[in-house]
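Take a look at the structure set out below.
Both counts, for ligands and for their atoms, begin at 1 and track the order of listing.
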Amino acid sequence: MPAYSAKVMDHFMNPRNVGEIENPDGVGEVGNPVCGDMMTFYIKVQDNRLEDVKFKTFGCGAAIAVSSMVSEMAKGKTLDEAARITPKLVAEELEGLPKQKFHCSNLGAQALNKAIEDYRSKQKKVAGGKENERQKTRRR
Ligand code: FES
């Protein structure tokens with residue numbers, strides 16, 4: 001078994017922010033076809049900041065620790081700051097991950113980024129919808 005840092009063990013044994021957000025503003029789901037692990041991140045956005053971040057992970061211990069760490073790192077950050085959370089930063093915050101477990105940290109950062117993208121694309125649709133409404137009203 002690979003050696004894990006105390007921080008990885010802590011986040012694995014006591015994961016923070018586990019669960020689902022009701023009516024989330026964005027959802028990001030990723031999976032790794034090789035190991036079969038799955039991760040879903042839910043975000044709530046207020047004034048361009050991640051007011052709440054939760055996750056559900058079906059995966060290895062490292063994947064659970066990574067999800068927990070990503071959720072802590074992302075909470076309270078602006079969308080741009082959170083989008084800059086890389087797998088490398090996550091692994092550093094966890095005081096290292098065994099080499100064969102790096103792909104687990106990729107999943108965490110990807111799932112968060114997908115949730116942010118999901119939020120942004122929904123915002124664009126809302127803005128686009130409003131714009132169409134305005135044009136229709138103008139034409140009337
Ligand atoms: Fe695949 Fe950890 S072994 S996410």
Q. Any idea which protein heavy atom is nearest atom 1 (Fe) of ligand 1, and the distance to it?
A. Cys35 SG, 2.2 Å
Q: Specify the protein heavy atom at minimum distance from atom 4 (S) of ligand 1: its residue, its atom name, and the distance to 0.1 Å.
A: Asp37 OD2, 2.9 Å
(Q) Taking 4.0 Å as the limit for heavy-atom contacts, which would you say applies to Leu107 with ligand 1: side chain only, backbone only, both, or neither? (A) side chain
Q) If you round to the nearest 0.5 Å, how far is CD1 of Ile43 from CZ of Arg49? A) 14.0 Å
(Q) Distance check, rounded to the nearest 0.5 Å: Leu112 atom CG versus Thr86 atom OG1? (A) 11.5 Å
Distance filter under 4.0 Å to [X] heavy atoms, resulting ligand 1 atoms:
X: Ala63; answer: 4 (S)
X: Cys104; answer: 2 (Fe), 3 (S), 4 (S)
X: His103; answer: 1 (Fe), 2 (Fe), 3 (S), 4 (S)
X: Lys101; answer: 3 (S)

Q: Start with the C-alpha gap between Arg120 and Asp80, add the side-chain angles, then the distance that decides, and say whether salt bridge (Lys or Arg N to Asp or Glu O under 4.0 Å) holds.
A: CA-CA 11 Å; Arg120 284 183 165 150; Asp80 285 343; 2.6 Å; yes
Q: Begin with the C-alpha distance, continue with both residues' side-chain angles, and end with the deciding distance and a verdict on salt bridge (Lys or Arg N to Asp or Glu O under 4.0 Å) for Lys75 and Asp52.
A: CA-CA 6 Å; Lys75 239 182 179 179; Asp52 201 6; 3.6 Å; yes
Q: Kindly identify the option in Cys60, Gly61, Gly108, Pro33 whose heavy atom sits closest to atom 2 (Fe) of ligand 1.
A: Cys60
Q. Which atom pair, heavy atoms only, marks the closest approach of His11 to Met69?
A. NE2-CE, 3.5 Å
Q. Can Arg16 and Glu72 be counted as an ion pair, charged N to O under 4.0 angstrom?
A. yes
Q.
Check for me whether Asn32 has a heavy atom closer than 4.0 Å to any atom of ligand 1.
A. no
Q. Between His103 and Cys35, is any pair of side-chain heavy atoms under 4.5 Å apart?
A. yes
